[in-house]
Amino acid sequence: MRTASRPAPDEPPGASHDEAPGARSGRLLEWYDRHARALPWRVLPAERAAGKQADPYHIWLSEVMLQQTTVATVKAYYEKFLRLWPTVEALASAPAETVMGAWAGLGYYARARNLHACAKAVAAEHKGRFPATETGLRTLPGIGEYTAAAIAAIAFDVPAAVVDGNIERVVTRLHAIDTPLPAGKALVKAHVAGMTPSRRPGDFAQAMMDLGATICTPRRPACVLCPLSEGCLARIAGTMELYPVKAAKKPKPARQGAAFVAVRAGDGAIFLRRRPETGMLGGMDEPPTTEWGVRRDGATGAGAAPFPAAWTRAGSVVHVFTHFQLTLEVWRADVADAAGAEGRFVTPAGLVAVALPTLMKKAIELAEPAALAPSPPQRKRQI
DNA sequence: GACACGTGGGT
DNA sequence: TACCCAAGTGT
């Protein structure tokens, strides 16, 4: 039994609550009404009060882009996708290469493949309307536990328990949960379910995420500004930065490979091929590369080239992926053709529309800077 | 549960 | 520099 003088968490799993249920969510929503970030896909509280509805297509598109990706990075891509494809039907009708090309640089390219597949499913099997329930949303490609809950709450006012990385941090601090993630995820979700109000569940979820992004930050959280600081166990103990506890990370091995940038005489076109649909950089374009081996003495010399030419070494690029570091030896050659190798030549003007991952842009930039330079009509005047 | 899966920015 | 981190999902 709690005393009135001891502020307690709202409805921890299995506990009674003698503080008004929703006291925390109420304080958080008041904070959100004043401090919500204006984001391109977001309907602000005042707009919502005036009758504006969130567009499920917009919410879905932004949520998929935001998976493991910063808000700052997503903004430009979100605007571009909405400009190219204003509706889910338009996106569904787009060629896959065009979608992959528009996604190039955002990373985690399976998201783009699933995005396109999801758009097609919504257009063909759901009459262009996203399902309004978590269960329905979960059947769609690229929509997992988090994204289904987020879309249900934000676009359809379903009181779903939304748990992302921000909310994990907020809640583990609030309750001093020291079970390492992801094992502690179920407990976090139970707490979130207990906090989620039936009114404004979407704003509640967005408020929790904004709080994590701007106040309850990984380092040096601004507890003095936090609407939930009262009764926050980590705050009371002064151990905020110890949460969330995460499982130890594995070391990142090094791999080696080679890339071959063939430049066609005359128009400066670059020889590209399409990577396999699955696996690293799946479905994206590249100058031919060797396998990326663990051994330093792997075949990375000119002898590993896709076709004979006067290959010269341009240098190497280092690129760090999620689970390994890659060093790519870059070779270049001026050629007349590709001697029957699988692939195609793309002119510098055409490269902007090609699905080139950042790593491959690095390799091309090193071997043939002119290929990726802004084309003359678009180049900004030097001052 | 473990692992594969990108990239850019911050400290 | 070498980490850490970001509105996770699929297998």
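So you know, we letter chains A, B, ... as the sequences are listed, proteins then strands, and number each from 1.
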Which heavy atom in L181(A) sits nearest to a heavy atom in P244(A), and how many Å separate them?
-> CD1-CB, 3.6 Å
Within less than 4.0 Å of OP1 or OP2 of dC3(B), is there a side-chain N or O belonging to H323(A)?
-> no
Within the structure, does a side-chain N or O atom of K252(A) lie under 4.0 Å from either OP1 or OP2 of dC3(C)?
-> no
Of the nucleotides dG6(B), dT11(B), dG8(B), which one has an atom closest to the side chain of T358(A)?
-> dG8(B)
Taking atom C1' of dT1(C) as reference, at what distance in whole Å does atom CD of Q325(A) sit?
-> 12 Å
What interatomic distance, in whole Å, is found between P of dA7(C) and the corresponding atom of dC3(B)?
-> 24 Å
Below 4.0 Å: OP1/OP2 of dC3(C) and any side-chain N or O of K249(A) | no
L181(A) CG to dC5(C) P: how many Å, rounded?
-> 11 Å
Rounded off to whole Å, could you give me the CZ-to-C1' distance for the R113(A) and dG6(B) pair?
-> 12 Å
Could you run through nucleotides 6-11 of chain C and give me one letter per nucleotide, 5' to 3': B if any protein heavy atom sits under 4.0 Å from the base, S if only the sugar-phosphate is that close, - if neither?
-> BBBSS-
So what does V320(A) touch, heavy atoms closer than 4.0 Å: a base, only the sugar-phosphate, or nothing?
-> base
Could you say whether K362(A) or K250(A) is positioned toward the 5' end of DNA chain B, judged by the nucleotide with the nearest heavy atom to each?
-> K250(A)
Scan for side-chain hydrogen bond (donor to acceptor under 3.5 Å, both in side chains) pairs involving residues 342-361 of chain A, sequence neighbours excluded, and state none if there are none.
-> none
Mind calculating the distance between CG (L359(A)) and C1' (dT7(B)) to the nearest angstrom?
-> 11 Å
Might you point out which heavy atoms bring Y57(A) and W85(A) nearest each other, and give the distance in Å?
-> OH-O, 2.7 Å
Whole-angstrom distance between dG1(B) and dT9(C), as gauged at atom C1' | 15 Å
Are E368(A) and R332(A) ion-paired here, with the side-chain N under 4.0 Å from a carboxylate O?
-> yes
R255(A) CZ to dA4(B) C1', straight-line distance once rounded to whole Å | 10 Å
Nearest of dG6(B), dG1(B), dG8(B) to any side-chain atom of A183(A)?
-> dG1(B)
Whole-angstrom distance between dC5(C) and dC5(B), as gauged at atom P | 22 Å
Do you see a donor-acceptor pair shorter than 3.5 Å between the side chains of T217(A) and R169(A)?
-> no
Judged by modelled atom types alone, do E168(A) and Y243(A) share a side-chain donor-acceptor pair under 3.5 Å?
-> no
So, K189(A) and E145(A), do they make that salt bridge, N to O below 4.0 Å?
-> yes
Residue pairs, two or more places apart or on separate chains, that pass salt bridge (charged side-chain N to carboxylate O under 4.0 Å, His left out) and touch residues 250-264 of chain A | R264(A)-D267(A)
With a non-hydrogen cut-off below 4.0 angstrom, is I167(A) in contact with a base, only sugar-phosphate, or nothing?
-> nothing
Return the 5'-most residue of the pair R219(A), R111(A) with respect to DNA chain B, ranking by each residue's nearest nucleotide.
-> R111(A)
Which is true for G282(A) with a 4.0 Å heavy-atom rule: it touches a base, it touches only sugar-phosphate, or it touches nothing?
-> nothing
Look at the side-chain N and O atoms of H319(A) and state whether any lies under 4.0 Å from the OP1 or OP2 oxygen of dT7(B).
-> yes
